[in-house]
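Note that these values count all heavy atoms, side chains included, but never hydrogens, waters or copies made by symmetry. Count residues from 1 along the sequence.
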Amino acid sequence: MSITGILAAAAVVGVVGIFVGLFLGAAGIFFKVEVDEKEEAVLAALPGNNCGGCGYAGCSGLAAAIARGEAAVNACPVGGAAVGEKIASIMGVEADASERMVAFVACQGDCGRAAKDYDYYGVEDCRMMGFVPGGGPKSCNSGCLGYGTCVAACPFDAIHVVDGVAVVDKEACKACGKCVAACPKHLISLIPYRAKYVVACKSVDKGPVTMKACQTGCIGCGICAKNCPGNAVTVTEFHAEIDQEKCVGCGVCAEKCPKKSIKPI
């Protein structure tokens, strides 16, 4: 090839390169996506678990909502107060006081306390129990089924089945709510970490029915409510409930409960 051909080819390549560079530069300017620096900073401050416990589609969804002023700076249940304060600093606002919450399973009907109607052999998934006779092998239709659907849902390894009943490790729990949504019996709820006593039963059956099904089931006798000095305990439809805002943690309700349905946590 002659020197003229080489120079011509080099010139063509150079011109094409310049054209492509100018085109890409113009396209970058034209199609530029504006980045919200605060949103990026908030996202970096979030723990990145993408658990959805905040009600948004992962950490990016929450970061965008906080940046738009649509979500509280302490809306992340996993990060807690520490992350809330950091995000508040980024957003230039004050972080509202937040209370740590933990999941609690309202059942004590383990293998030694709960009666069984039959032995079950099949798919070990609590959601499948709606398709088997009686809603599961345990006599109590309100009790924990113990097949670990909540365990599989927890991204923090904070809940385990112990002797047929799900138990939450309150120190490991981040209150993301995954287990709450997963439980088909609606036995799991989020309660204040500071709670001292809880009603570990969800049965609303009459006393005689509950007593046949479980040794520690709430029979709705009302003794706890009558003896609570702070009027923190109420009984509705054969089931006791503790108002954690009124409870002072004296333990009288647990001491007086004849079935030991109320326990310290």
Task: Non-hydrogen side-chain atoms of Pro155 and Cys176 separated by less than 4.5 Å - done: yes
TODO: Output the distance between atom SG (Cys201) and atom NZ (Lys260), rounded to the nearest 0.5 Å.
DONE: 15.0 Å
Open item on the list: For the backbone of Cys51 and the side chain of Lys178, can you confirm whether one donor and one acceptor N or O come within less than 3.5 Å of each other?
Closed with: yes
TODO: Identify the two heavy atoms, one from Gly109 and one from Cys214, that lie closest to each other, and give their separation to 0.1 Å.
DONE: CA-SG, 3.9 Å
Donor-acceptor contacts, no H, no angles, side chain residues 215-229, under 3.5 Å, sequence neighbours left out:
unit_1	atom_1	unit_2	atom_2	d
Gln215	NE2	Gly112	O	3.4
Asn227	ND2	Ile223	O	2.8

Open item on the list: Is there a path of hydrophobic side-chain contacts, each under 4.5 Å between heavy atoms of I/L/V/M/F/W/Y residues, joining Val167 to Ile265?
Closed with: no
Task: Nearest non-hydrogen partners of Pro137 and Met129, listed with the distance - done: CD-SD, 4.3 Å
Open item on the list: Quick check against the 3.5 Å criterion: does Lys174 have a side-chain atom that pairs as donor or acceptor with the backbone of Gly53?
Closed with: no
TODO: Please test Val198 against Gln244 for side chain to side chain contact (heavy atoms under 4.5 Å, CB included), starting from the C-alpha separation and ending with a verdict.
DONE: CA-CA 9 Å; Val198 289; Gln244 296 297 342; 4.0 Å; yes
Open item on the list: Between Lys206 (side chain only) and Phe238 (backbone N and O only), is there a donor and an acceptor less than 3.5 Å apart?
Closed with: no
TODO: Would you name the heavy atoms of Ala88 and Glu94 that are closest together and state the gap between them?
DONE: CB-C, 4.3 Å
Open item on the list: Quick check against the 3.5 Å criterion: does Thr149 have a side-chain atom that pairs as donor or acceptor with the backbone of Cys126?
Closed with: yes
TODO: Please name the pair of heavy atoms, one in Val233 and one in Ala240, separated by the smallest distance, quoted to 0.1 Å.
DONE: CG1-CB, 4.3 Å
- [ ] Return yes if some donor-acceptor pair links the side-chain N/O of Asn50 with the main-chain N/O of Cys59 below 3.5 Å, else return no.
- [x] yes
Open item on the list: Tell me which pairs pass ring-ring contact (aromatic ring centres under 6.0 Å, His included) where either residue lies in residues 177-230, with sequence neighbours left out.
Closed with: none
- [ ] Say whether Val199 and Phe104 are linked into one hydrophobic cluster, either directly or through other cluster members, by side-chain heavy-atom distances under 4.5 angstrom.
- [x] no
Open item on the list: Between Phe156 and Val78, does the side chain to side chain contact (heavy atoms under 4.5 Å, CB included) criterion hold? Intermediate values first, please.
Closed with: CA-CA 10 Å; Phe156 303 101; Val78 177; 3.5 Å; yes
Task: Interatomic spacing from SG in Cys54 to CD1 in Ile66 - rounded to 0.5 Å - done: 8.0 Å
Task: Lys86, NZ atom: more than 12 neighbouring heavy atoms under 6.0 Å - done: no
Open item on the list: Can you confirm whether Glu255 sits close enough to Cys250 that some side-chain heavy atom of one is under 4.5 Å from a side-chain heavy atom of the other?
Closed with: no
TODO: Kindly indicate whether the side chain of Arg100, heavy atoms from C-beta on, has any atom under 4.5 Å from the side chain of Pro192.
DONE: no
Show which side-chain atoms of residues 158-165 pair as donor or acceptor with protein atoms under 3.5 Å away, not counting sequence neighbours.
unit_1	atom_1	unit_2	atom_2	d
His160	NE2	Asp157	OD1	2.7

Task: Value rounded to 0.5 Å, distance of SG in Cys76 from CG in Leu62 - done: 6.5 Å
- [ ] Quick one: do Leu145 and Tyr120 satisfy side chain to side chain contact (heavy atoms under 4.5 Å, CB included)? Show the steps, please.
- [x] CA-CA 11 Å; Leu145 295 163; Tyr120 171 76; over 6 Å; no
Open item on the list: Could you measure the distance from the CD1 atom of Ile262 to the CD atom of Gln108? Nearest 0.5 Å is fine.
Closed with: 10.5 Å
Open item on the list: Looking at every heavy atom in both Lys212 and Ala115, which two are closest together, and how far apart are they?
Closed with: O-CB, 3.6 Å
- [ ] Return yes when atom NZ of Lys256 has more than 12 non-hydrogen atoms of other residues, nucleotides or ligands closer than 6.0 Å, and no otherwise.
- [x] no
Task: Point-to-point distance, once rounded to the nearest 0.5 Å, from CG of Leu187 to SG of Cys107 - done: 6.0 Å
Open item on the list: Using a 3.5 Å distance criterion without hydrogens, assess whether the side chain of Tyr147 forms a donor-acceptor pair with backbone atoms of Met128.
Closed with: no
TODO: Looking only at non-hydrogen atoms, find the nearest pair between Val168 and Cys173 and report the distance.
DONE: CG1-CB, 4.0 Å
Open item on the list: Thr236 vs Glu241, test: side chain to side chain contact (heavy atoms under 4.5 Å, CB included). Steps then yes/no.
Closed with: CA-CA 8 Å; Thr236 306; Glu241 289 283 353; over 6 Å; no
Open item on the list: I'd like to know if Glu245 and Arg194 make a salt bridge, using a cut-off of under 4.0 Å between side-chain N and carboxylate O.
Closed with: yes
Open item on the list: Hydrophobic clusters here meaning ILVMFWY residues chained together by side-chain heavy-atom distances under 4.5 Å, can you tell me if Val151 and Val180 are in one?
Closed with: yes
Open item on the list: Hydrophobic cluster membership, with links at side-chain heavy-atom distances under 4.5 Å among I/L/V/M/F/W/Y: are Val73 and Leu46 in one?
Closed with: yes
- [ ] State whether the number of non-hydrogen atoms from other residues, nucleotides or ligands found under 6.0 Å of Glu171 atom CD is greater than 12.
- [x] yes
TODO: Decide whether Ile87 and Tyr56 are clustered together by the hydrophobic rule: side chain heavy atoms of Ile, Leu, Val, Met, Phe, Trp, Tyr closer than 4.5 Å, transitively.
DONE: yes
Open item on the list: Please report the interatomic distance OG(Ser261) to NE2(His239), rounded to the nearest 0.5 Å.
Closed with: 8.5 Å
